[in-house]
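Only heavy atoms go into these numbers, but all of them, side chains included; no hydrogens, no water, no symmetry mates. In the text below, chain A, chain B and the rest are named by the order of the sequence lines, each starting its count at 1.
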Number of protein chains: 2
Amino acid sequence: MRQTSRSTERLHAFCRRVTATSRNASGLDLSEALKGTRRYSSDQPIWSEAARANDIYIVDQGCAYNFLILSSGRRYIGDVFGPGAICNWRRSDSSDAQLNINFKAGTQISALDFNIFHEVLSESHLLNNALRRMEVARELRRSQRTRNLIAQPATVRVINLLLDLEDEWSHSLQHDGWVPLPLTQEEMGDLLGLTQVHVNRVVRQLERDRCIRRRRGYFCILDRNRFADQIDYQWYSDGRRRR
Amino acid sequence: MRQTSRSTERLHAFCRRVTATSRNASGLDLSEALKGTRRYSSDQPIWSEAARANDIYIVDQGCAYNFLILSSGRRYIGDVFGPGAICNWRRSDSSDAQLNINFKAGTQISALDFNIFHEVLSESHLLNNALRRMEVARELRRSQRTRNLIAQPATVRVINLLLDLEDEWSHSLQHDGWVPLPLTQEEMGDLLGLTQVHVNRVVRQLERDRCIRRRRGYFCILDRNRFADQIDYQWYSDGRRRR
DNA sequence: CGTGAACTTGAGACTATTCAAAGAGTGTGG
DNA sequence: CCACACTCTTTGAATAGTCTCAAGTTCACG
């Protein structure tokens with residue numbers, strides 16, 4: 001019992017996110033699987049070759065992303081994980097396996113034991129459903145973004161990313177509209193298939209057009225619905241009411 | 001028994017593909033699920049809204065692709081399905097659900113009943129495994145292509161597509177090196193996030209550089225390994241020996 | 001043949017990248 | 001507290017990549 005409360009305390013962001021997804025997730029207990037907590041004071045890449053196979057990482061605070069260095073030398077970033085997200089696990093984990101992970105400076109994570117996690121998962125209908133919804137939402141969001149990254153110009157790509165980031169952080173926000181922006185413009189570029197310089201120009205233009213506001217490490221979308229209409233953006237996560 | 005042989009006859013391409021994936025798939029019997037066969041003499045789009053929910057389509061001959069019309073008016077094509085492929089089903093089918101399907105002219109398909117298919121699937125360990133491998137291979141191939149489409153220039157994108165197409169048709173080829181190219185250049189463009197005109201220029205350049213040869217409806221990659229090295233291409237399908 | 005769809009080619013416009021340099025913010029050590 | 005190093009952001013100019021528009025060609029098919 002004591003164990004449980006320590007666990008949920010540590011996995012606070014995760015529980016918040018699960019709760020936002022399933023109406024009633026109070027019975028949640030991952031304490032058995034929790035191996036430890038860790039905080040990174042500077043960026044920490046975890047290479048896929050490394051023996052990370054038996055740990056599942058959950059972001060408590062901060063942010064992580066998975067990535068790959070292409071043969072051209074370009075870095076490709078696949079997805080970004082905010083508080084409460086599981087970085088390196090999906091039910092049918094085929095395509096993520098090859099990706100490395102980077103924990104951004106200031107990020108705190110919890111590590112879960114892979115086997116125990118699966119055990120708990122197989123026993124808890126509740127957790128199982130909640131995770132499935134989280135997975136589906138992320139997958140849909142990702143495939144929406146992918147479409148725009150392949151077929152749309154830079155401005156649309158950037159707007160899509162900003163909406164995605166807001167969505168990813170929606171579970172851990174005070175609702176003043178300011179969203180953490182833990183990525184550098186270079187990282188945004190690697191996520192969007194653009195150069196850092198071009199990302200900068202697009203972002204500045206959006207600011208000049210009064211679509212967004214910015215301050216160090218945060219941004220704020222001034223008219224979310226206009227943005228969404230403009231690029232035909234869909235929200236998939238349960239945590240957010242559909243406008 | 002008679003039923004079975006008629007079924008496997010009709011689902012010939014599918015069985016070939018499954019067999020290439022699993023060593024021994026002779027016990028395969030989907031005859032109960034088979035609802036019928038259909039041939040399209042001209043392009044036939046199936047809109048996702050339509051009541052197609054209870055049919056699973058398998059390509060017998062020809063080719064299909066899934067697509068979406070973006071708000072910008074651009075058509076986005078997600079994936080291409082050759083003989084033996086299942087067009088509109090994945091185990092965790094979240095992101096495909098919204099996509100429409102187009103059957104190209106000359107394509108023949110078999111329709112399976114959704115519920116019976118799942119019944120058969122749950123009873124046949126063999127089929128289950130084979131399908132899982134096919135899914136994983138397609139998913140990996142798709143995510144590889146996605147990376148290149150987001151982060152790489154046009155030539156790399158086109159080469160990746162050509163290798164993917166060769167892979168998709170590898171189960172139904174006579175091995176003279178000529179691969180069917182059932183897509184128009186406009187469709188290739190919509191798949192690659194390029195215009196038809198630019199696809200044309202890139203393809204012509206590849207031909208001029210003696211990387212590929214072309215003839216009506218077919219292409220031939222002259223040095224597959226050079227191509228693969230050039231863009232760091234990985235083969236994932238079991239049907240093909242890894243070089 | 002004539003028709004239409006797909007492919008080819010050129011010219012000019014636009015988008016995004018590269019290279020280069022300067023500015024702004026943060027953290028560190030003296 | 002300042003000076004310094006460092007990373008991130010901002011801006012400009014030149015170049016490369018891709019798109020648009022428009023016209024012409026080829027080919028299958030009725």
Taking [atom1] from [X] and [atom2] from [N], how many angstroms apart are they, rounded to a whole number?
X      : N      : atom1 : atom2 : answer
A:L192 : C:dA16 : CG    : P     : 11 Å
A:D190 : C:dT17 : CG    : C1'   : 14 Å
A:R157 : D:dT18 : CZ    : P     : 11 Å
A:E186 : C:dT18 : CD    : P     : 11 Å
A:L194 : C:dC14 : CG    : P     : 20 Å
A:H198 : D:dT9  : NE2   : P     : 16 Å
B:Y218 : D:dA28 : OH    : P     : 13 Å
B:Q205 : C:dG10 : CD    : P     : 12 Å

Between [X] and [N], is there a contact of a side-chain N or O with OP1 or OP2 at under 4.0 Å?
X      : N      : value
A:N200 : D:dT9  : no
A:R214 : D:dT10 : yes
B:R201 : D:dT18 : no
A:R204 : D:dT9  : no
A:R216 : D:dT9  : no

query: When you measure from the centre of the six-membered ring of A:F14, is the NZ or CZ of A:R17 under 6.0 Å away and within 45° of the axis?
result: no
task: Could you tell me which non-hydrogen atom of A:S237 sits nearest to which non-hydrogen atom of A:D167, and how far apart they are?
output: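 Nearest heavy atoms, A:S237 then A:D167: OG-OD1, 2.8 Å.
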message: If you assign A:Q152 and B:V197 each to the DNA chain C nucleotide with the nearest heavy atom, which residue ends up on the more 5' nucleotide?
response: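 Looking at the nearest nucleotide for each, B:V197 comes out on the 5' side.
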message: Can you identify which nucleotide, out of D:dT9, C:dC19, D:dT20, has its nearest atom closest to the A:Q185 side chain?
response: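 The closest nucleotide is D:dT9.
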statement: Against the side chain of A:Q196, the closest entry in D:dT9, D:dT10, C:dA16 is D:dT10
Ionic contact status for B:D79 with B:R145, cut-off 4.0 Å: yes
message: Under 4.0 Å, counting only non-hydrogen atoms across every strand here, what does B:G189 touch: a base, just sugar-phosphate, or nothing?
response: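 Contact class for B:G189: none.
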message: Counting the atoms with a prime plus P, OP1 and OP2 as sugar-phosphate, which does A:G217 contact under 4.0 Å by heavy atoms, base, sugar-phosphate, or nothing?
response: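 Answer is nothing: A:G217 stays at 4.0 Å or more from every strand.
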message: Run A:Q205 and A:R208 through side-chain hydrogen bond (donor to acceptor under 3.5 Å, both in side chains) and show every step you take.
response: CA-CA 5 Å; A:Q205 189 57 50; A:R208 243 174 271 133; 2.8 Å; yes
- prompt: Is there a side-chain contact between A:R201 and A:Q185 (heavy atoms, below 4.5 Å)?
  reply: no
